[in-house]
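Residue numbers start from 1 in every chain, and the chains themselves are labelled A, B, ... in the order their sequence lines are given, proteins ahead of strands. Worth knowing before you read on, the calculation uses all heavy atoms, side chains too, and leaves out hydrogens, waters and symmetry mates.
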Amino acid sequence: MPLIERRDQDFLLHEVFSVSEFSKHEKFADFNKKTCDMIITEARNLAIKEILPTNKLADKENGHPEAVKLENGQVKVPPSFHKPYKLFCDGQWLAMCDDPEFGGQGMPHLLAMAAGEYFTSANCSFMMYPGLTHGCGNILATFGTEKQKQLYVKNIFTGKWGGTMCLTEAVAGSDVGALETVAIDQGDGTYKIKGNKIFISGGDSDLVENMVHPVLARIEGAPAGTKGISLFLVPKYRVNDDGSMGEFNDVETVGIEEKMGIHGNATCTLAFGSKDNCIGELIGEPNKGMKYMFLMMNEARQGVAMQGLGFATASYCNAIQYAKERIQGPNLMKAVLEGDLTGVPIIQHPDVRRMLMSMKAYVEGCRFLVYYLNSCFDKATVTDSDDEKTKWEGLIEILTPIAKSYCTDKAVEVASTGIQVYGGYGFIEEYPQAQHYRDAKITAIYEGTNGIQAMDLLGRKLGMRKGKPIMDLMGEVNATVAKAREAGLEKIADSLQAALNKLGEVAMTLGAAAMSEKALDAFASATPFLEVAGDLVMAWAWAERAAAAKKAIEGAKKKDVPFYEGQIATAKYFYEQLLPTAVGKMDSVKNLTGAIMEIPEEAFVG
Amino acid sequence: MEILVCVKRVPDTAENEIELNSAGNDIERDDLVYSVNEWDNYAVEEAIQIVDKVGGTVTVVTVGDEDADEVLRREMAMGAQNGILLNDEAFEDSDAMGIATLLKAAAEKGKYDLIMTGAQADAGYAAVGGMLAAMMDLPYASLVNMVEVGDGKLTVGREIEGGNQEINEIELPCVLSIQTGINEPRYVGIKGIRQVSGIEIPEFDAAGLGVDPATVGAAGAKTKRVDYFIPETGEGAEMLTGSTEEIIAKLIDIMKANGGLK
Ligand SMILES: Cc1cc2nc3c(=O)[nH]c(=O)nc-3n(C[C@H](O)[C@H](O)[C@H](O)COP(=O)(O)OP(=O)(O)OC[C@H]3O[C@@H](n4cnc5c(N)ncnc54)[C@H](O)[C@@H]3O)c2cc1C
């Protein structure tokens, strides 16, 4: 079972990003090359043997014994999830990067990302339970009081208790500021919480003893909109001062959704305080809830980018295997030249080969993006310079919406191509490809739709700190231009330079328009702008990969030669076939079309 | 109880396409992905469980080059306390007797109540455990699939012909070769891996072990592989491929079609 191309992971970790260099810093001293390799091997082991087999089981239609159930207000996850959940927690995989004081393992983000890729590719629905649990723990570890940390964080980071994120309400989806859940000050430091949250992933589960909900709500009398939102800590069962579990806290799961995909993860409707007996504690200060929640939202957005990568990877690896095994039709050349009509594996057909190549270009390009983004956390950790730290943090800010949207849009595209490679069998549920496609779609929607991400990029991130993050990103790409030139990849270097310059122009045009009377036209082009920014990142990735491969191919081991050749060939493909289209798209964005806002609403007749 | 478990680094069959080398007397070993011999994992797990119950330490030992360090480290991350690497160019291409000679020398450097090996490894001789016991003049049980610790002795279950089970008592110290399925080997977690990340694993060469280089390695080997080939698929055989579930489904279809199943 391939699941993920391990060779490619190793290439990125060691040959492109030099992950074990971080071990020179005392904080990461344990994570030398041997340790890194062992961690990836063991993550892979657990993912393939224990998590992957549950993926299809949990996807079965409702009514199947493995389907998620709601019984007497208690969510029952697919039974097959219990064993891997225990193994996952026992192996300390839940809080890989966090402070050891609270049960974390202090690992570099980059390494944790590579391990996480295995788990997510194996079963994303499963991983969302520990994934959101981690995000919840991180909020408390960062903004909680000493007492909140002592009572909650270790139980959360060890997976004993589960966590969620509770933003969405029927009236508050993309517009979180519209939420109606209220918090009533009890005068004793606690608040009564009242309101309904919908679409809460893993909102309840029988994997854990208790659930901990970070809930966004408005304190009575607070300002309207996001300025009046506070964040509350609301457990399902109250927690006594000695850490023992107290009475039920009136948090009820009143429904679970029927969905298109990720069936193994319970999407819950939660009623807080329907019996007027739900108590929450404030996290941090009043009315600053959005700021705190952004910590979790950013983590979740980066996590969703990884989910996209996970689906794309799984679909791609399946497609490779299938294309090598499925015999259909003769080899075109042999049929014409030799009259040999013997059927051959479909990987020999040019169009199938093209599909695999495009999948490879995006899967591995997105892997570069997601790994790079995670390496920025580690670079910010190991540097002593404040300027450097700000630089890496800025790069995280600007790359987060790009990674979230681009990786998930491409995931849907790649998963669709993954079905195409299988032909009719791809459409048949007995085969694995259809599930990846159905599952992948949600990644473009939750955690802020991709449209909202594009607005974040254009409206906030581009102009952030006078454009420093975008300038730094361009600086990073420029460094790769030089590297490619050094490696003798002149054509790639020239094209990357030209594409980068063009993207710079597009950003200037759009950024200026966004602050003018043409703002609506600018935002009408926000999504294609994010798309071309992502395309540029792919070009950057392939230049970086090709340069590293070119260097390594001399004196490479025999088995590694095709791998490096594959890197160089895919870079060539990207630069010859995909980048020119992207550059054309950059021109189209620069057009700043007025048509989208000119068309009268009445013209859309349904 | 002081337990020594002998482990081996072998090509991971799940991760490699195995090809023959150009000389045709072995598989192509360059660039293979290696892991711990599957049987040895069960042996280490059993040793850890015994020590968890009755106290003591687990030491893992392997004959190999510096790359073999990784399998020792892995088994230590699982829970073995000590590792020993037996590494010398003179050890290369040892036959089963050569390996047993080296393991005996290593075992005699400590004082072990129990020595375990996997039932077999990639070479498939299933000979090292038995030879080691004979050379050390210790009692031996092979294909062990159950161990209970008693006073100065063990009760061991053995898997015998036809899936039958045999229960024996065996006096300590002794040597056991362990069959898969005896337990469920634990997974290795991050904490365990971190704990062994900085550990120096002691290494012994021929001189360190007090072994005459002429008695081990290619020089001392009394058995020698002369050919290695993949048997050709004969007429009438059909290889079923796919996942286990798919293979089972196909097999049932075939049996039904041929009247073997109604
Ligand atoms: C399976 C699943 C799991 C989820 N898990 C969670 C969870 O754990 N916690 C949680 O809090 N939420 C969760 N959600 C909710 C999810 O984050 C929201 O569905 C999402 O943010 C979109 O909100 P909405 O559905 O109300 O759509 P809307 O906000 O109604 O959006 C509809 C369309 O309008 C666009 N749009 C809306 N506003 C604007 C604007 N101002 N400018 C431009 N375009 C706009 C959107 O991009 C979208 O295309 C989950 C949802 C699903 C389906």
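No hydrogens or angles considered: nothing links the side chains of Y322(A) and Q433(A) as a donor-acceptor pair under 3.5 Å. T35(A) and N32(A) share a donor-acceptor pair across their side chains, judged by distance under 3.5 Å alone. For the residue pair R6(A) and T41(A), a side-chain donor N or O sits within less than 3.5 Å of a side-chain acceptor on the partner. Counting only N and O atoms by type, the side chains of N138(A) and E299(A) include a donor and acceptor under 3.5 Å apart.
Contact of R186(B) with chain A is not made at all, since no heavy-atom distance falls under 4.5 Å. At a 4.5 Å heavy-atom cutoff, the contact between L46(A) and chain B is made by backbone and side-chain atoms alike. Interface residue N45(A): backbone and side-chain heavy atoms are both found under 4.5 Å from chain B. Proximity to chain B (any heavy atom under 4.5 Å) is restricted, for F31(A), to the side chain, taken from C-beta onward.
Among the candidates S197(B), A77(B), G192(B), S35(B), the residue making the largest number of heavy-atom pairs closer than 4.5 Å to chain A is S197(B).
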Determine, step by step, whether E70(B) and K34(A) satisfy the side-chain contact (heavy atoms from CB on, under 4.5 Å) criterion, reporting the C-alpha distance in whole Å, the side-chain angles of both residues, the deciding distance to 0.1 Å, and the verdict.
CA-CA 8 Å; E70(B) 78 189 27; K34(A) 266 187 194 156; 5.8 Å; no

